[in-house]
Amino acid sequence: MNTSFVRAAFAASSIALVATTGAHASTASAIAKYDVTSAESSIYNGSGGHSVWLPTGVLGGGNKAHFDFSPAGSFKVFDDDTATLTGNVISETKGSGYGFVVDAKFEKTMVGSGGPKKQLSSGAYTENGGPIDTSTWSYFKMVSGTLTGTGSLSHLVFNLFEAPADGSAPFQLGDGASGKNLNFGGSGWFFYGTTASGCDATGSGCYQGDFNLDLTAVPLPAAGLLLPVALGGLAFPGRRRRKAA
């Protein structure tokens with residue numbers, strides 16, 4: 001991977017990660033787009049795959065708390081240093097009548113004080129002879145967000161906040177960053193809860209969930225191709241190297 005080119009592209013754009021369900025709020029143009037699906041478990045982490053994990057008394061534990069994007073969500077990066085993640089997630093056990101619309105906003109940041117979240121087995125990382133180089137990852141802090149219930153959950157609206165609140169473990173993006181497999185993806189913890197529960201940015205009154213996502217690059221019209229080519233380098237060269245190996 002040409003990491004210097006990729007880092008230059010990120011530095012030039014200072015990208016933020018935003019999830020919304022409507023049109024982009026400004027006249028910004030999309031410069032990169034990804035389909036978003038669940039990061040499935042692999043030999044490097046066999047704990048099970050999902051897009052969103054929401055363990056609460058309302059939803060129940062285990063697979064009842066697992067939700068998948070269906071159809072694939074859409075993650076777009078814009079030329080005003082923002083991005084959007086849109087789509088619907090549905091329950092792995094109860095199906096399409098039991099889900100949420102995801103709407104969250106993030107901003108680009110530095111790696112947290114806790115360092116990269118290494119949730120794959122140790123042999124996956126370069127320091128142990130594996131293919132995943134965490135120095136190529138990018139990091140994003142959550143600014144705001146909601147999960148709006150659909151179907152049988154339409155009475156629920158959860159607010160989303162950064163977790164931990166001190167920013168020590170922000171959302172991470174890159175090859176192997178989902179914590180489930182070696183694919184290009186992302187993962188991050190978040191606090192969530194209702195206004196009535198008093199859930200706030202400190203985590204008070206909140207539950208804690210997480211995102212575990214695979215991201216696949218989608219072509220854009222010619223006017224938006226330059227930076228997506230650079231960003232796409234994050235997704236594909238590593239895979240080609242692993243296939244060749």
Side-chain angles (χ1 to χ4, degrees), residues 17-25 33-42 45 47-77 82-106 119 140 142-163 171-173 177-181 183-200 203 205-216 218:
L17 176 62
V18 180
T20 66
T21 58
H24 196 257
K33 180 180 179 180
Y34 300 90
D35 281 345
V36 181
T37 56
S38 294
E40 299 298 339
S41 59
S42 66
N45 183 339
S47 62
H50 52 263
S51 297
V52 185
W53 182 55
L54 302 171
T56 75
V58 175
L59 304 175
N63 286 345
K64 294 179 181 179
H66 289 183
F67 290 77
D68 300 317
F69 275 104
S70 181
S74 180
F75 173 45
K76 296 179 182 179
V77 179
T82 66
T84 59
L85 174 67
T86 60
N88 297 282
V89 293
I90 63 172
S91 168
E92 289 186 350
T93 59
K94 297 186 177 182
S96 59
Y98 200 85
F100 290 94
V101 176
V102 181
D103 180 354
K105 180 178 181 179
F106 300 73
Q119 297 177 309
F140 306 86
M142 179 173 284
V143 175
S144 64
T146 56
L147 296 171
T148 303
T150 60
S152 298
L153 299 179
S154 60
H155 60 291
L156 291 175
V157 178
F158 290 129
N159 301 313
L160 303 181
F161 301 100
E162 175 92 349
F171 184 93
Q172 57 192 32
L173 184 70
S178 72
K180 297 293 184 180
N181 54 52
N183 300 337
F184 182 75
S187 66
W189 296 315
F190 54 84
F191 291 127
Y192 69 103
T194 64
T195 300
S197 73
C199 178
D200 61 29
C206 301
Y207 300 100
Q208 183 172 320
D210 64 30
F211 292 116
N212 295 95
L213 310 172
D214 276 0
L215 277 70
T216 303
V218 176

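Small disclaimer: the values here were computed from a predicted structure and weren't measured.
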Exercise. Relative to each other, are the rings of Phe67 and Phe100 parallel, tilted or perpendicular (30° and 60° limits)?
Worked result: perpendicular
Exercise. Between Leu160 and Lys105, does a side chain to side chain contact (heavy atoms under 4.5 Å, CB included) hold up when you go through it step by step?
Worked result: CA-CA 9 Å; Leu160 303 181; Lys105 180 178 181 179; over 6 Å; no
For this session: State which residues pass side chain to side chain contact (heavy atoms under 4.5 Å, CB included) with Thr93; sequence neighbours excluded, sorted by chain then number.
Result: Asn63, Lys64, Ser91
Seminar exercise, completed: By side chain to side chain donor-acceptor pair (under 3.5 Å), Ser51 pairs with (sequence neighbours left out) Ser38
Problem set entry | Aromatic ring proximity Tyr34/Phe75, centre distance under 6.0 Å | yes
For this session: With sequence neighbours excluded, tell me which residues meet side chain to side chain donor-acceptor pair (under 3.5 Å) with Ser152.
Result: none
Exercise. Which residues satisfy the side chain to side chain contact (heavy atoms under 4.5 Å, CB included) test with Thr195, sequence neighbours excluded?
Worked result: Asn159
For this session: Using modelled atom types only, decide if a donor and an acceptor are shared between the side chain of Lys180 and the backbone of Ser42 within a distance under 3.5 Å.
Result: no
Problem set entry | Residue pair Ala177 / Gln172: nearest heavy atoms and the distance that separates them | O-NE2, 3.1 Å
Exercise. Taking Ser178 as the fixed residue, which of Leu173, Asp214, Asn45, Asn183 is the one that meets the side chain to side chain contact (heavy atoms under 4.5 Å, CB included) rule?
Worked result: Asp214
Seminar exercise, completed: Closest non-hydrogen contact found for Ser187 with Gly179 is OG-N, 4.4 Å
Problem set entry | Any donor-acceptor N/O pair, Glu162 side chain to Met142 backbone, under 3.5 Å | yes
For this session: Apply side chain to side chain contact (heavy atoms under 4.5 Å, CB included) to Thr194 and list each qualifying residue two or more places apart in sequence or on a separate chain.
Result: Phe158, Ala196, Ser197
Problem set entry | Residue pair Val89 / Leu54, side-chain heavy-atom distance below 4.5 Å | no
For this session: For Asp35 and Thr216, indicate whether the former's side chain and the latter's backbone hold a donor-acceptor pair under 3.5 Å.
Result: no
For this session: Return the set of residues passing ring-ring contact (aromatic ring centres under 6.0 Å, His included) with Phe69 (not counting sequence neighbours), or none when no residue passes.
Result: none
Problem set entry | Val102/Leu147 under side chain to side chain contact (heavy atoms under 4.5 Å, CB included): CA gap, chis, key distance, verdict | CA-CA 5 Å; Val102 181; Leu147 296 171; 3.8 Å; yes
Exercise. Would you say the side-chain atoms of Asp68 and Ser70 include a donor-acceptor pair closer than 3.5 Å?
Worked result: no
